[in-house]
*Asks:* 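Sharing a structure, written as structure tokens. Questions coming.
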Amino acid sequence: MTKLTFQMTADEFYEGWKYKLKKNNYKNRLPIMIIILIILIIVTIAITKSTMFLLYLFFIIALMVLARIMNKKAVKRQFFSSPTIKGEATLSTYDDGLEIINSYQKMFVPWQSIFSVKETEHLLIIMPTYRTGVFVINKERYSSNELNEIILLLKQNTTVEEGKR
């Protein structure tokens, strides 16, 4: 049995949240926004045949950037307002699965039932189940034998995605 107590930061939670959205098959809205932008540019050029389309282009791009910033702020606000997310969590490994305990819940997930795990250069992101939260461990802050053993067990018993960042 290996045990590691960790705590997430708001930025780490945001990275885990983005990964969770991706894994839960929420489509990224950026391709849709790009298609809308192209349609607006074509329509504007066809109607006005002037440089007014540059103003529309700038406005749409500014809205896209603003939407991403507001989304990140909303996720961070959720992090700071939740004592269960920003509190400490303890991850324990057993022969038959993984146990995660935080101030709100105690959850045991068998190895074969773990929904998703992603390892990047700096983070280990664990989604125990499809619906349950996401747990993010900063590999630099918790660089210990326990973390290395947990990563090894996750790689042996689940499919661990390799990622950038």
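Just so it is clear, the model here is predicted, and its values are computed rather than measured.
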*Asks:* With rounding to the nearest 0.5 Å, note down the distance linking CE in M70 to CG in L63.
*Replies:*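 Answer rounded to 0.5 Å: 12.0 Å.
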*Asks:* Are S116 and Y19 close enough that a side-chain donor and a side-chain acceptor fall under 3.5 Å?
*Replies:*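 Distance-only check passes for S116 and Y19.
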*Asks:* Is I101 reachable from V136 through a run of hydrophobic residues whose side-chain heavy atoms are each under 4.5 Å from the next?
*Replies:*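 The answer is no; the residues belong to distinct hydrophobic clusters.
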*Asks:* To the nearest 0.5 Å, what is the distance between CG (N157) and CG (L152)?
*Replies:*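 Those atoms lie 9.0 Å apart.
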*Asks:* Give the minimum heavy-atom separation between I100 and P128, together with the two atoms involved.
*Replies:*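 Shortest heavy-atom separation between I100 and P128 comes out as CD1-CG, 3.8 Å.
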*Asks:* Spell out, as yes or no, whether a donor-acceptor pair under 3.5 Å connects the side chain of S81 to the backbone of Q78.
*Replies:*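 Here the side-chain-to-backbone pair exists.
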*Asks:* For the atom pair NZ (K72) and NZ (K76), what is the distance rounded to the nearest 0.5 Å?
*Replies:*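 Reported to 0.5 Å precision, the distance equals 4.5 Å.
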*Asks:* Between K3 and E146 (salt bridge meaning N to carboxylate O under 4.0 Å), is one present in this structure?
*Replies:*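 No.
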*Asks:* Check each of V117, L124, N102, L98 against F135 using the side chain to side chain contact (heavy atoms under 4.5 Å, CB included) test, and report the only one that passes.
*Replies:*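 The single option meeting the side chain to side chain contact (heavy atoms under 4.5 Å, CB included) with F135 is N102.
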*Asks:* Look only at the side chain of K86 and the backbone of F80, and say whether a donor-acceptor pair between them is shorter than 3.5 Å.
*Replies:*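 Flag set: sc K86 to bb F80 pair under 3.5 Å.
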*Asks:* Has Y142 got a side-chain atom pairing as donor or acceptor with Q7's backbone, closer than 3.5 angstrom?
*Replies:*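 Such a contact is found between Y142 side chain and Q7 backbone.
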*Asks:* Kindly give the heavy-atom pair with the smallest separation between N138 and L123, and that separation in Å.
*Replies:*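 The pair with the smallest heavy-atom distance is CA-CD2, 4.0 Å.
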*Asks:* So which of E119, E121, E12 actually passes salt bridge (charged side-chain N to carboxylate O under 4.0 Å, His left out) with K139?
*Replies:*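 Among E119, E121, E12, the one meeting salt bridge (charged side-chain N to carboxylate O under 4.0 Å, His left out) with K139 is E119.
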*Asks:* Heavy atoms only: give me the nearest G16-I125 pair and the separation to one decimal.
*Replies:*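 The pair with the smallest heavy-atom distance is CA-CG2, 4.1 Å.
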*Asks:* Let's go through F79 and Y14 carefully: what are the C-alpha distance in whole Å and the side-chain angles of both, what is the deciding distance for side-chain contact (heavy atoms from CB on, under 4.5 Å) to 0.1 Å, and is it a yes or a no?
*Replies:* CA-CA 9 Å; F79 174 83; Y14 178 67; over 6 Å; no
*Asks:* Quick one: closest heavy-atom pair of F13 and M8, and the distance?
*Replies:*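 For F13 and M8, the tightest heavy-atom pair comes out as CD1-CE, 4.2 Å.
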*Asks:* Name the orientation class of the two ring planes belonging to F108 and Y94 (parallel below 30°, tilted from 30 to 60°, perpendicular beyond 60°).
*Replies:*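 Tilted.
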*Asks:* Can you confirm whether I137 sits close enough to I150 that some side-chain heavy atom of one is under 4.5 Å from a side-chain heavy atom of the other?
*Replies:*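 No, too far: nothing below the 4.5 Å cut-off.
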*Asks:* Side chain of T2, backbone of T93: donor and acceptor closer than 3.5 Å?
*Replies:*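 Pair absent, no side-chain N/O of T2 close to backbone of T93.
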*Asks:* Drop me the distance from W111's CH2 to D95's CG, to the nearest 0.5 angstrom.
*Replies:*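 That separation rounds to 9.5 Å.
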*Asks:* Evaluate R141 against T9 for side-chain contact (heavy atoms from CB on, under 4.5 Å), listing each step before the verdict.
*Replies:* CA-CA 11 Å; R141 203 166 1 139; T9 65; 3.6 Å; yes
